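Here is the structure we will look at.
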Amino acid sequence: MLRCPAALIVCSLLGVGWPAAALTAQDASPTQRPNILFIFTDDHAPHAIGAYGSRFAELDPTPNIDALAQQGMVFRNSFCTNSICGPSRAVILTGKHSHVNGFMANGNRFDGNQVTFPKLLRQAGYRTALIGKWHLSSEPQGFDYWDILPGQGDYYNPEFISAEGRRQVEGYCTDLVTDMAIGWIEQQREEGQPFMLMCQHKAPHRNWMPALRHLDLYDDVQLPEPASLFDDFADNASPARNQEMEIDRHMNLVYDLFLEPDADWDPRAGKALDGSGFRNLAKMTPQQRQAWDAAFAAENAAFRQAKLSGKELVRWKYQRYMKNYLRTIKGVDDNVGRMLRYLDTSGLAENTIVIYASDQGFFLGDHGWYDKRWMYEESLRMPLIVRWPGVIEPASDDTHLVQNLDYAPTFLDLAGAEIPGAMQGRSLLPLLRGQVVPDWRQAIYYHYYGFPAVHQVARHYGIRTRQYKLIRFYQTREWELYDLESNPDERHNLFGQAAYHDLTATLAEQLGALRLSYGDHSAIGIPEHK
Ligand code: CA
């Protein structure tokens with residue numbers, strides 16, 4: 001194979017050499033700088049969004065998000081660097097990989113003293129606010145105003161923490177966060193100062209609790225199953241067989257799917273599970289609880305009578321899980337619509353860039369799983385939709401390989417602010433303008449650190465190009481290689497096959513160069529067959 005110096009590989013992979021100054025927004029005069037509205041959800045997989053092509057498209061799950069896509073740009077190859085809630089948020093704030101910003105796994109505490117894009121936007125004259133889910137443990141910094149959910153937050157009657165203290169607000173979280181976001185914008189309008197607002201929802205995070213108005217939605221529908229619902233992981237390295245995120249063996253009927261405990265239920269089985277659903281049921285008002293129980297009562301009784309087992313039980317659990325997931329997304333979509341209508345009626349739409357994204361993807365029964373964490377496509381992908389009237393061509397697609405690493409440089413660039421050289425992402429501004437960027441990165445780098453932890457997904461890192469993905473499970477010293485063109489659902493691991501030895505060596509070398517360029521010196525691995 002062709003040998004080239006690591007520096008050259010890095011140049012071609014990362015597309016360096018584009019001077020940051022050339023990317024500055026041409027029309028970013030201090031008086032006309034655009035507002036930035038970042039609507040961010042938790043665990044909303046692109047394949048649950050109509051605009052991304054979804055097996056649920058016939059149900060029209062996201063009409064308002066799809067409308068945003070019609071008016072803006074859809075990033076078709078949008079990925080995270082570390083598929084888990086807190087780390088993704090830290091990457092977004094800093095424009096730096098997890099090993100650089102220090103928030104590598106949930107349970108870490110974000111060092112709020114480091115440089116973040118909200119701080120820099122504030123210095124550049126923006127009013128900045130954060131409303132909703134934060135999930136980084138430390139107190140938010142860099143915001144003129146913040147009002148956050150403690151920890152994961154609750155769906156019903158959630159508590160919020162602001163600089164003034166803690167309070168509980170009655171209502172449904174997605175609606176409340178939108179109310180508060182619109183309220184804050186309304187107050188800012190008089191100021192004549194551009195704003196950057198992060199409107200961050202808990203939904204559709206586990207335990208998938210829909211708004212009362214959506215509890216009956218999809219009741220009369222049988223949702224389509226993914227082809228890999230009963231994946232046997234025959235081709236995979238060992239971690240895929242040793243995880244704890246299967247709908248079959250690990251999704252809990254009581255904690256996750258709201259069955260009443262029966263005689264067989266072992267409360268100790270819940271110790272490692274997220275108990276937030278129980279907590280939130282107990283927090284409901286009597287009226288809310290009555291409506292909730294009434295919505296599930298008949299179906300729960302029928303389930304207990306049917307005494308399902310094996311694949312039929314998995315299928316039932318999949319339907320209950322997926323319907324509640326999509327119902328919480330319907331709540332998100334309603335509120336995206338409400339926000340967009342507010343921007344229209346207030347006259348702010350024209351000069352407000354609206355971004356819709358979520359912190360990672362999610363397994364919607366794909367491979368028999370729920371949750372995220374893996375470098376496999378379903379959890380690696382993030383939705384990214386951007387609307388900017390007058391700049392972004394409506395209904396446009398972008399297929400460059402972009403990551404959440406790029407958001408901080410992009411937001412600074414949109415505001416005409418300087419992008420610190422230490423940020424590891426790259427501004428998406430030229431892509432938003434529809435410009436051809438021949439030196440854009442040809443590969444992305446990924447690293448997941450959260451083991452041991454809930455779901456027991458082994459640590460791994462890897463490289464993804466347009467066509468291939470090479471994953472290193474360094475705790476078990478195993479590899480996986482996929483051809484995403486011929487095998488998009490990654491069920492045929494090509495690693496170790498003689499025909500792919502040269503390709504594997506090339507990708508491994510590129511992976512090493514990427515790791516070097518990003519300063520990730522942990523657990524270097526070399527393919528054993530070389
Ligand atoms: Ca998440």
Side-chain angles (χ1 to χ4, degrees), residues 38-49 52 62 65 78-94 97-98 101 103-110 130-137 148-155 158 173-174 177 198-209 243-245 251 256 273-274 276-277 280 321-322 324-326 328-329 331-333 336 355-366 369-385 403-405 407 446-451 453-457:
F38 183 63
I39 304 175
F40 191 60
T41 48
D42 196 325
D43 295 356
H44 193 182
H47 58 309
I49 297 177
Y52 274 94
T62 51
I65 295 171
S78 157
F79 307 101
C80 57
T81 67
N82 180 2
S83 181
I84 186 76
C85 308
S88 177
R89 288 152 203 271
V91 168
I92 287 170
L93 288 170
T94 59
H97 276 281
S98 303
N101 71 47
F103 199 106
M104 293 157 84
N106 277 356
N108 289 166
R109 186 178 172 84
F110 183 65
L130 163 72
I131 293 169
K133 187 160 175 180
W134 170 242
H135 204 216
L136 290 173
S137 294
I148 59 171
L149 299 163
Q152 294 281 8
D154 284 328
Y155 277 109
C173 189
T174 314
V177 167
M198 304 179 84
C199 173
Q200 308 204 143
H201 296 290
K202 170 188 174 66
H205 192 276
R206 193 185 185 195
N207 301 18
W208 316 296
M209 293 176 73
Q243 41 60 43
E244 295 181 359
M245 56 161 51
M251 182 175 273
D256 291 312
L273 298 171
D274 177 354
S276 65
N280 209 168
Y321 153 50
M322 213 64 261
N324 279 345
Y325 179 87
L326 291 175
T328 64
I329 286 169
V332 168
D333 190 75
V336 169
I355 298 109
Y356 183 83
S358 192
D359 56 356
Q360 4 73 205
F362 213 69
F363 294 99
L364 310 180
D366 319 284
W369 290 340
Y370 58 105
D371 210 73
K372 54 262 181 178
R373 301 165 199 269
W374 300 92
M375 198 190 169
Y376 303 131
E377 290 292 281
E378 295 87 350
S379 59
L380 178 65
R381 288 183 175 274
M382 296 170 67
L384 178 61
I385 299 170
Q403 285 186 290
N404 51 349
L405 195 63
Y407 296 7
Y446 181 88
H447 196 157
Y448 173 77
Y449 302 86
F451 184 95
V454 61
H455 299 304
Q456 298 290 58
V457 173

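Numbering of residues begins at 1 and proceeds along the displayed sequence. Each ligand, and each atom within it, is numbered from 1 in the order the structure gives. What you see is a predicted model; the values in this text were computed from it and never measured.
- A donor-acceptor pair is defined here as one N or O able to donate and one able to accept, closer than 3.5 Å; such a pair exists between the side chain of Ser358 and the backbone of Asp43.
- A side-chain donor-acceptor contact under 3.5 Å links Gln403 to the backbone of Cys80.
- Taking the six-membered ring where the residue is Trp, Tyr370 and His455 present perpendicular rings, their angle passing 60° and hence far from 30°.
- Ring geometry for Phe110 against Phe103 counts as tilted: the plane angle lies between 30° and 60°, on a 0 to 90° scale.
- Here the side chain of His135 pairs no donor or acceptor atom with the backbone of Gly151 at under 3.5 angstrom.
- Of all protein N/O/S atoms, those lying under 3.0 Å from the Ca ion (ligand 1) come to 6.
- Aromatic ring pairs are classed by plane angle as parallel below 30°, tilted from 30° to 60° and perpendicular above 60°; the pair His44 and Tyr356 is perpendicular.
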